[in-house]
Every structure is written in structure tokens, then in C-alpha cells.
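Contents: one structure, followed by commentary.
All values below come from the heavy atoms of this structure, side chains included, with hydrogens, waters and symmetry mates left out.
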Amino acid sequence: MDRMSTIGHWLEQLERLGDWITRPLRWLVLLMVIATVVVVLLRYAFDTGAIFLQESVMYLHGLFFMLALGFGVAEDSHVRVDILYSRLPARRQHLINLIGHCAFLLPVAILIFTTSLPYVSASWRVLEGSSEVGGIPAVFLLKTLLPISAVLLMLQGIASSARLVRQLMDSQP
């Protein structure tokens with residue numbers, strides 16, 4: 001029983017990590033809206049552009065979605081074709097989710113991580129910046145979100161899988 005409490009402790013810590021990361025991300029949406037309004041006002045009211053500000057919206061968008069991927073898994077709010085799933089008993093839903101995590105989520109997260117490393121490494125080697133004059137000179141930082149989000153997705157996938165295994169064990173007939 002001691003092993004189960006240790007696993008439960010680590011599961012709780014992984015879920016806290018996800019919450020700690022996603023909670024401040026919600027403010028990025030407000031920043032994106034404000035920056036977009038300013039860009040539109042500058043363009044149409046003052047007939048001027050703000051490339052740095054426009055790119056900052058893209059960076060905030062990327063930061064928000066790449067770091068919040070695991071949140072959809074944690075909340076079980078991701079998109080699915082729900083023709084039969086909602087009619088199944090909870091135990092079968094848990095089993096389907098566990099199989100999906102092990103067969104699809106974790107392998108895809110590992111694939112994203114391994115294939116993004118050379119891409120990100122090449123970007124860091126040259127400290128890749130914006131192709132626009134006056135743009136944000138940190139494209140390499142934006143690309144770094146790929147392996148980071150893959151790791152966060154893996155961690156959340158492991159935590160969610162462990163929770164599903166526990167739920168399946170608790171609901172045995």
C-alpha cells in the first residue's frame with residue numbers, strides 16, 4: 001500500500017505542475033486581445049503598422065496553446081468524435097482513454113519531442129530572428145516551445161494514464 005501512496009503523491013505533483021503552468025497562461029489571452037486591438041487601432045486610426053506588436057500576438061498565441069496542450073488532456077476537454085463514447089459506462093470510457101493515451105498520445109508526444117530537437121537546435125545555433133524588419137529577434141525561443149510542450153504533454157499523459165489505471169482498479173466488478 002505504501003507504493004500506491006507514493007505513486008499517488010507523484011501523480012498529484014504532476015497534476016499540480018500542470019495547474020501551476022496553465023493558471024498564468026489564462027492572462028495571455030487578455031494580452032493577445034489588448035495587443036490585437038492596439039494593432040488594429042494603429043493600422044486603421046493612425047495608418048501605421050507595428051510589426052513587433054503584431055508578432056507579439058503570434059508569440060503569445062504560440063505560448064498559450066503550446067504550453068496549454070496538457071491542460072486539455074488533464075481536463076478531458078479535447079475534441080473527440082462522441083457517437084458511442086458518451087453512452088458507454090464509465091469503466092469502458094476509462095479503458096478507451098487509457099488505450100488512447102498509451103497508443104496515440106504518448107507516442108505522438110515522443111515523436112514531436114524527438115523530431116523537433118534538430119529543428120530547434122538549428123534555430124538556436126543561428127539565434128534565428130524574425131524575417132521582418134523590426135520584428136521580434138527571438139524565433140528560436142518560439143521554436144523551443146515544441147519540445148517543451150511535448151515534454152509537458154508526456155508528463156500529463158503519464159499522470160492521466162496513472163489516474164485512469166487507478167480509476168479502473170477502483171471500479172473493478
Side-chain angles (χ1 to χ4, degrees), residues 10-82 85-86 93 97 100-101 104-164:
W10 283 107
L11 174 62
E12 187 178 305
Q13 294 303 317
L14 281 174
E15 288 178 343
R16 276 193 190 150
L17 173 68
D19 189 49
W20 181 79
I21 290 170
T22 55
R23 208 172 276 278
L25 287 177
R26 296 171 184 161
W27 289 100
L28 293 180
V29 176
L30 179 61
L31 289 174
M32 281 189 289
V33 168
I34 291 169
T36 302
V37 168
V38 170
V39 166
V40 170
L41 282 174
L42 286 173
R43 183 178 300 147
Y44 294 107
F46 300 104
D47 200 27
T48 186
I51 293 172
F52 190 89
L53 196 56
Q54 284 177 258
E55 285 189 1
S56 70
V57 172
M58 178 183 65
Y59 276 63
L60 290 169
H61 191 262
L63 187 65
F64 177 77
F65 282 100
M66 296 302 284
L67 294 182
L69 281 174
F71 182 72
V73 175
E75 296 296 313
D76 197 27
S77 61
H78 50 279
V79 176
R80 69 165 51 105
V81 178
D82 192 0
Y85 180 85
S86 63
Q93 288 179 353
N97 287 342
H101 286 10
F104 301 108
L105 176 75
L106 292 172
V108 166
I110 291 167
L111 179 71
I112 291 169
F113 180 78
T114 56
T115 58
S116 69
L117 287 178
Y119 177 69
V120 173
S121 177
S123 185
W124 270 87
R125 266 193 299 278
V126 296
L127 296 176
E128 184 178 3
S130 175
S131 59
E132 299 290 330
V133 175
I136 298 175
V139 172
F140 62 98
L141 292 176
L142 191 61
K143 288 182 178 182
T144 303
L145 289 173
L146 287 167
I148 291 171
S149 67
V151 168
L152 292 173
L153 198 57
M154 280 186 263
L155 290 174
Q156 186 58 58
I158 291 166
S160 294
S161 295
R163 185 177 355 98
L164 289 165

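Within the structure, every pair that satisfies the ring-ring contact (aromatic ring centres under 6.0 Å, His included) test and touches residues 39-70, not counting sequence neighbours, is listed here: His61-Phe65.
Scanning both residues, Ser161 and Leu106, for their nearest heavy atoms gives OG-CD1, 4.5 Å. Of all the heavy atoms in Ala50 and Leu42, the pair that sits closest is CB-CD1, 3.7 Å. When all heavy atoms of His101 and Gly157 are compared, the pair lying nearest together is CD2-O, 3.9 Å. A pairwise comparison of heavy atoms in Ala109 and Met154 identifies CB-CG, 3.5 Å as the closest pair. Of all heavy-atom pairs spanning Leu63 and Leu25, the tightest one is O-CD2, 4.2 Å.
Here the straight-line distance linking atom CG of Leu31 with atom OG1 of Thr36 works out to 10.5 Å at 0.5 Å rounding. The CG atom of Leu117 sits 12.0 Å away from atom CD1 of Ile112, with the distance rounded to the nearest 0.5 Å. A distance of 9.5 Å separates CG of Leu105 from CD1 of Ile110, quoted to the nearest 0.5 Å.
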Side-chain donor-acceptor contacts of residues 139-152 below 3.5 Å, not counting sequence neighbours, with atom names and distances?
{"unit_1": "Lys143", "atom_1": "NZ", "unit_2": "Tyr119", "atom_2": "OH", "d": "3.4"}
{"unit_1": "Lys143", "atom_1": "NZ", "unit_2": "Glu128", "atom_2": "OE1", "d": "2.6"}
{"unit_1": "Lys143", "atom_1": "NZ", "unit_2": "Glu128", "atom_2": "OE2", "d": "3.2"}
{"unit_1": "Thr144", "atom_1": "OG1", "unit_2": "Trp124", "atom_2": "NE1", "d": "2.6"}
{"unit_1": "Thr144", "atom_1": "OG1", "unit_2": "Phe140", "atom_2": "O", "d": "2.6"}
{"unit_1": "Ser149", "atom_1": "OG", "unit_2": "Leu145", "atom_2": "O", "d": "3.0"}
{"unit_1": "Ser149", "atom_1": "OG", "unit_2": "Leu146", "atom_2": "O", "d": "3.0"}

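Under the 3.5 Å distance criterion, the side-chain polar atoms of Ser56 are matched with a main-chain donor or acceptor of Leu53.
Legend: residues meeting side chain to side chain contact (heavy atoms under 4.5 Å, CB included) with Ala159, ordered by chain and number and at least two apart, are Leu11, Leu14, Glu15, Gln156.
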